[in-house]
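Following: one structure in structure tokens, then a few remarks.
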Amino acid sequence: MIQPLQYISQAPQTGTHIDAIQQVLKAGGKWIQLRIKNQSEAEILPFAKAAQALCESYGAKLIINDYPHLAKAVNSYGVHLGLQDMPILEARKIIGKHQIIGGTANTFEHIKQRVAEGADYIGLGPFRFTRTKENLSPIVGLEGYQKLMEKVRKAGISIPIIAIGGIEAEDIPAILETGIYGIAISAALTNQIQTAAVLEEINSKFNIHSI
């Protein structure tokens, strides 16, 4: 099952991606994407191993951003690929059928492309400007999600679509009203002193509660 609330890792003001991931897992997070940019696969491998071990201990699912070989090496739940990353069909040959593949989209054409490629879910965005992403695609915004999801419904597309990019807790109800399946957040959960309380507030928008 694709979780409707996903955390995308970023390094906190003090600490590493693993510190941030552990905080979210302790707070009740169930879906973690390890997203480390501008480092080699060899440099990211120790983080991937640590993140997978943590997710296993908390009963959570780990997605590795960008690197199918790393996803296979640590046996993560899956991999997420951007539009400029390895093609999904090529990644599928590496990881096989038992791991899932998510793909980024910015337009309806991208959504159709990802469906044709066999993606298991789509990360659609960015919702607004975010500093966590270089070479940012055009902002989608709430109106964009409304129009895109209307096209998705008319086309009979049923793949889970996750909104992503600079989303805060207060944005979630309006985004979900568009028919979006779920939300990916990063900064809204990183560097929080009361991570559990913040996550509980976010989960309440979905009528989900942390355990």
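A quick note: this is a predicted structure, and the numbers were derived from the prediction, not measured.
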Next on the checklist: If we count only N and O atoms by modelled type, under 3.5 Å, do the side chains of Gln10 and Ser186 hold a donor and an acceptor together?
Outcome noted: yes
Next on the checklist: Using modelled atom types and a 3.5 Å cut-off, is there a donor and acceptor pairing between side-chain atoms of Arg114 and backbone atoms of Thr104?
Outcome noted: yes
Next on the checklist: Assess, by modelled atom type and distance only, whether the side chains of Thr195 and Gln192 contain a donor and an acceptor separated by less than 3.5 Å.
Outcome noted: no
Item to check | For Ala119 against Ile88, the heavy-atom pair lying closest together | outcome: CB-CD1, 3.7 Å
Item to check | Lys/Arg N to Asp/Glu carboxylate O, Glu150 vs Lys147, below 4.0 Å | outcome: no
Checklist entry - Roughly how far, to the nearest 0.5 Å, is the NZ atom of Lys112 from the CD1 atom of Ile159? => result 14.5 Å
Checklist entry - Between CG of Leu70 and OG of Ser76, what distance do you get to the nearest 0.5 Å? => result 8.5 Å
Next on the checklist: Using 30° and 60° as the class boundaries, would you call the ring planes of Tyr121 and His80 parallel, tilted or perpendicular?
Outcome noted: tilted
Next on the checklist: Before you tell me yes or no, could you show the steps for Tyr58 and Lys26 under side chain to side chain contact (heavy atoms under 4.5 Å, CB included), namely the whole-Å CA-CA distance, both residues' side-chain angles and the distance that decides it to 0.1 Å?
Outcome noted: CA-CA 8 Å; Tyr58 282 92; Lys26 281 183 178 178; 3.1 Å; yes
Checklist entry - Is the backbone N or O of Ala71 less than 3.5 Å from a side-chain atom of Gln99, with the two atoms forming a donor-acceptor pair by type? => result yes
Checklist outcome for this item: Here the pair of heavy atoms bringing Ile2 nearest to Tyr181 is O-OH, 2.5 Å
Item to check | Evaluation steps, side chain to side chain contact (heavy atoms under 4.5 Å, CB included), between Ile164 and Leu124 | outcome: CA-CA 6 Å; Ile164 185 172; Leu124 180 63; 5.7 Å; no
Item to check | Closest non-hydrogen atom pair, Gln52 against Val74 | outcome: CG-O, 3.3 Å
Checklist entry - Would a distance-only check, ignoring hydrogens and angles, find a side-chain to backbone donor-acceptor pair under 3.5 Å from Tyr67 to Lys72? => result no
Checklist entry - If you measure only the distance, is there a donor-acceptor pair under 3.5 Å linking the side chains of Gln113 and Glu117? => result yes
Checklist entry - So do the side chains of Val198 and Ile193 get within less than 4.5 Å of each other, counting heavy atoms only? => result no
Checklist entry - Is there side-chain contact between Leu62 and Tyr77, with heavy atoms separated by less than 4.5 Å? => result no
Checklist entry - Judged by atom type as modelled, is there a donor-acceptor pair below 3.5 Å linking the side chain of Gln22 to the main-chain atoms of Asp19? => result no
Next on the checklist: Before you tell me yes or no, could you show the steps for Trp31 and Gln6 under side-chain hydrogen bond (donor to acceptor under 3.5 Å, both in side chains), namely the whole-Å CA-CA distance, both residues' side-chain angles and the distance that decides it to 0.1 Å?
Outcome noted: CA-CA 5 Å; Trp31 185 287; Gln6 306 183 4; 3.3 Å; yes
Next on the checklist: Evaluate Thr190 against Tyr7 for side chain to side chain contact (heavy atoms under 4.5 Å, CB included), listing each step before the verdict.
Outcome noted: CA-CA 9 Å; Thr190 308; Tyr7 172 67; 2.7 Å; yes
Checklist entry - What distance separates Ile18 CD1 from Gln23 CD, expressed to the nearest 0.5 Å? => result 13.0 Å
Next on the checklist: To check you understand the geometry: which heavy-atom pair defines the closest contact between Ala91 and Pro68, and what is its length?
Outcome noted: CB-CG, 3.7 Å
Checklist entry - Just how far is it from atom CD1 of Ile172 to atom CD of Glu177, taken to the nearest 0.5 Å? => result 12.5 Å
Checklist entry - Are the side chain of Asp120 and the backbone N or O of Ile100 linked by a donor-acceptor pair below 3.5 Å? => result no
Checklist outcome for this item: Tightest non-hydrogen contact, residues Leu176 and Ile180, listed as CD2-O, 3.8 Å
Checklist entry - Which value, rounded to the nearest 0.5 Å, describes the distance between Ile183 atom CD1 and Asp171 atom CG? => result 8.5 Å
Checklist outcome for this item: In short, His110 meets Ala105 closest at the heavy-atom pair CB-CB, 3.5 Å
Checklist entry - Can you list the steps and then say if Glu43 with Ser40 is a side-chain hydrogen bond (donor to acceptor under 3.5 Å, both in side chains)? => result CA-CA 5 Å; Glu43 290 172 315; Ser40 69; 3.3 Å; yes
Next on the checklist: Hydrophobic clustering (ILVMFWY, side-chain heavy atoms < 4.5 Å, transitive) - are Leu81 and Ile122 grouped together?
Outcome noted: no
Checklist entry - For Phe127 and Ile139, what are the C-alpha separation, side-chain angles and deciding distance, and is it a side chain to side chain contact (heavy atoms under 4.5 Å, CB included)? => result CA-CA 6 Å; Phe127 174 65; Ile139 302 300; over 6 Å; no
Checklist outcome for this item: side chain to side chain contact (heavy atoms under 4.5 Å, CB included) with Ile32: of Ile64, Leu25, Ile8, only one passes, and it is Leu25
Item to check | Verify same cluster id: Leu189, Ile162 (apolar side-chain graph, 4.5 Å) | outcome: no
Next on the checklist: Quick one, Ile36 and Asn65 - any side-chain contact, counting heavy atoms below 4.5 Å?
Outcome noted: no
Item to check | Exam field: side chain Asn203 to backbone Glu200, donor-acceptor pair closer than 3.5 Å | outcome: no
Item to check | Ile63 side chain near Leu34 side chain, heavy-atom distance below 4.5 Å | outcome: no
Checklist entry - Atom CG of Leu45 and atom CD of Glu41: how far apart are they, to the nearest 0.5 Å? => result 9.0 Å
Item to check | Worked verdict on Asp66 versus Arg35 for salt bridge (Lys or Arg N to Asp or Glu O under 4.0 Å) | outcome: CA-CA 8 Å; Asp66 286 358; Arg35 184 178 185 274; over 6 Å; no
Next on the checklist: Between Ile161 and Met149, is there a side-chain heavy-atom distance shorter than 4.5 Å?
Outcome noted: yes
Checklist entry - Does atom CD of Gln39 have more than 12 heavy-atom neighbours from other groups under 6.0 Å away? => result yes
Next on the checklist: In this structure, would Val79 and Ile44 fall into the same cluster of hydrophobic residues linked by side-chain contacts under 4.5 Å?
Outcome noted: no
Checklist entry - So, the side chain of Asn106 versus the backbone of Pro138: is there a donor-acceptor pair under 3.5 Å, distance only? => result yes
